[in-house]
Every structure is written in structure tokens, then in C-alpha cells.
Student: 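Sharing a structure below in C-alpha cells format, with a few things to ask.
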Amino acid sequence: MDQNQMKSRKKSPFPQEMKGISKIEGIEPDKLVRLLKAGRVAIPSNPRHKHLRPCAIGEGLRVKINANIGTSSDYIDLDEELQKARVAIEYGADTIMDLSTGGDIRDIRQKIVKASAVPVGTVPIYEAVCKTTRKGGPVSMSGDDLFRTIEEHARDGVDFMTVHCGVTRQTSASLLKHKRVTGVVSRGGALLVAWMHQNERENPLYEDYDYLLEMAKAHDFALSLGDGLRPGSILDASDVPQIHELIVLGKLVDRAREAGVQAIVEGPGHVPLDQIEANVRIEKTVCKGAPFYVLGPLVCDVGAGYDHITGAIGGALAAYFGADFLCYVTPSEHLSLPTVEDVREGVVASRIAAHAADVARGRGSAWDREMSKARKAFDWDKMFSLSVDPQRAREYRRKRRSRSPKVCSMCGDLCAMKMVDELLK
Ligand code: SF4
């Protein structure tokens, strides 16, 4: 797509796609356009991403979920990453993020974008740092290296990029005054804190934010304003560095809107249940309704091996209180690079969290009604097809059958529904 096509697309924001999205979301197209223009909804959609099925994220819409995939320096297998992308999309991920830091990062990204019908996000600083590590460590990266990498990601069709613009010299200085249990747990945040400290310079993503906005506008990608100082322990939740960074992000949201660039705001992290509502309300106030993308949140710190559950509990509550976009957490969180199976488990857990919030927010209970009717009718095939993970549901039914084929082996002859059915007959 050339420059002129990109410009014309921005003037008339893909009317066909908008119609399709408003139908799926059950919202009037005019209202969707209004929310998009106000920056309360984002539709990350890079014109260079061919065969993209765009989705809208934000106020009044169905809760969306993201699945992170990508290589690390220890595990580099392009086919496995492509399989993770396929599985994530099959099980209901609305977007995927390629966080690769190992192997030929550009090639992996290009192939993931090509294979993905859903929007793809990245964190360009990972690649920028990997490229410069050979030259002498992360601190040798220049601002130009970082912006060149961002431009490459845009040219490769990446729809949204995490940029940790709120990790500034001032916000990171508050880390020294307000001691934390786990310090900085965001990779991008940590890299920038180290870079600023060693180079005694301001974060280029903050210092040259106008340039970043120009680039985002020219290439039509959305910014996902990263929470580099997010808490990595419930003991650090809602502390001064986290809120300080959020206030900076709120100002950057204003500047993105003035520049006509779509911005999403990322949020924590590890947050106990009783602080989740406040976190959502503060973000929605400080960032004036910008779509809120939460990473979990994990509601306790001891779920290792089961953090897809701690993340889903937090995600459901955050979405119920108004978060728009949940980043999944896999069972391997904090322990290892996820496998394909971990990705499936993480997506399913996050899908359930998002749906639970949609139901409580008054959307999407028709699916549950159908399932309840199928249960009452003992229509097992229908139950499988309506399950969030039909394969898992079938496996459980097959594993321990009841002597009575109609019911399941949980209650067997004492099946409550069957008993009452027969009595009433
Ligand atoms: S046996 Fe028990 S658990 Fe199984 S369908 Fe009947 S009531 Fe439900």
C-alpha cells in the first residue's frame, strides 16, 4: 500500500469494516465512529496487514483478549510459534502479540503477521535491544536504533505496539524513594530504566514522543502505552511509581488524541482483588476513557503453575469494572516460555474471564442460555459444541462414563435433573 492509499484510508476509516464491527458488537455505526474519534475505542489496523479481521477495543464493547506468543533466547522454533498463533486464534484470542527475543526476530514477526487474521502487536524495544546487544549491551542502543525498529515493525504490518513512554527519569526516580518488593518487572520498563541510568539521558520514547506520534500517524498503527513500572507483587500494587507513570500516560493520551493517533493504556500487573476497581476507575479518569488493557491482573503471588487462574480472576473483575482488553496469562507464567498447550489453557481462562464480565455487564448471556437448555435436555453434543473448549469437555465425558448413557458419572443414578424430570412426568 502506498502513501496515498494510506492517507485516503485514514480520511475515510474503512466503512465496510466499521459496519461489520458494529454488527458484531451490536452498536450503531455512528456511535462506534464517535467513540473512535473520541479515543474511547481503538481499532488497531495497519493497512499493511493483509487479510486482517479488525476488532474494536474499548467503551461499551465486548471485552477483548490478547495472547502473547514469541521466541526467547532459549527456545527458538518458528513452527511452534505459528502453531501458538493458530491455537490462540482458534480458542478465541482477539489479538496476538509477538514478543520474540530469539532467532531471526524480523522473519518470525513477518510470518506471524502473515499468518494472523487478527491484529498483531509487538514490543519493538525488545528487538532494538537484541540487535544492539551484540554491539555492547542494552545501553548501547541509540534513540535512532529504537525508532528505526519501530518503523520496521510498522512496515511489517504490526497493528499496535507497546511503547513504554511513561518510564521517564522522573517516574523511575520515584522507585528509589518508594521501595518495592519486586522492583521493575516489565522487560521494556527495566531496559529503559537501565538505559536512562547508564546513559544519563531521558527515555527517547518520551523525549521524542512527537516523532513517535508522527510515525504512528504516517503508518497507521496504534500505540499501546506500556506500564513499565507496573507492580510485580501484590505488595507493590497501586504504589507511587505505578500511579506516577499512569499520570504521565494520561498526558500522553491527550497528545496522541490531538495528533489523531489511537492510544490504548496498559495496566497492572499484580493487584489484590480489593484494589482492582480503584485501578480501573483511576485509569479511566486519568486517561479520559482511553481503552484499558490489563495484564492479568494477578490477584495473588502464589499461583505459580496456575497463574492463568489468578490472572483470570483478576481479569474478570477488572473487566466487570470497565477494563476493555485482557492480556492472558498462561500456567507457565513466571516459570518458563509457554508451550502450545499453555497458550490454549491461557486463552481459554482469559476467554472465560472476559465472557463472565460481558455477562455481568449485560452482554452475551444468550450463549449461556443455550448451554443451560442443552444441559437440561442432556444434549451432550450440543454441550460440547457450546463449550469454550469442546475438546476438553469431550475428553472429560469420555474418561469416566456413567452406566446410564443419558447422565454423567458425577451423580449417576442420583442425577438430580433426571430425577425431577421423571417425577414431574
Ligand atoms: S449426573 Fe449430576 S452432574 Fe451429571 S448431568 Fe446429572 S445432575 Fe448434572
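Order of appearance sets the numbers: ligands from 1, and atoms from 1 within every ligand. We count residues from 1, following the sequence as given.
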Student: Just say parallel, tilted or perpendicular for the rings of Y293 and F325, cut-offs at 30° and 60°.
Tutor: parallel
Student: Looking just at side-chain N and O atoms, do D159 and H49 make a donor-acceptor pair shorter than 3.5 Å?
Tutor: yes
Student: Hey, is atom 2 (Fe) of ligand 1 within less than 2.8 Å of some N/O/S atom on C411?
Tutor: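 Within the cut-off used here (under 2.8 Å), C411 does place an N, O or S atom near atom 2 (Fe) of ligand 1.
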Student: Just wondering, is there an N, O or S atom on C408 that's nearer than 2.8 Å to atom 6 (Fe) of ligand 1?
Tutor: no
Student: Considering only non-hydrogen protein atoms, determine which one is nearest to atom 6 (Fe) of ligand 1 and report residue, atom name and distance to 0.1 Å.
Tutor: C415 SG, 2.3 Å
Student: Could you tell me if R351 sits above the aromatic ring of Y91, with its cationic atom closer than 6.0 Å to the ring centre and no more than 45 degrees from the axis?
Tutor: no
Student: Please determine which of I264, V253, L212 meets the side-chain contact (heavy atoms from CB on, under 4.5 Å) test together with L223.
Tutor: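 So the option named by the test is L212.
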Student: At less than 4.0 angstrom from any non-hydrogen atom of M410, what atoms of ligand 1 do you find?
Tutor: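 Near M410, the atoms of ligand 1 are 3 (S).
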Student: When the ring planes of F221 and H219 are compared, do they come out parallel, tilted or perpendicular, using 30° and 60° as the limits?
Tutor: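 Ring orientation of F221 relative to H219: parallel.
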Student: For atom 8 (Fe) of ligand 1, grab the closest protein heavy atom and report residue, atom and distance to one decimal in Å.
Tutor: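 Protein heavy atom at minimum distance: M417 CE, 4.3 Å.
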Student: Of all the atoms in ligand 1, which lie at a distance below 4.0 Å from a heavy atom belonging to A416?
Tutor: 7 (S)
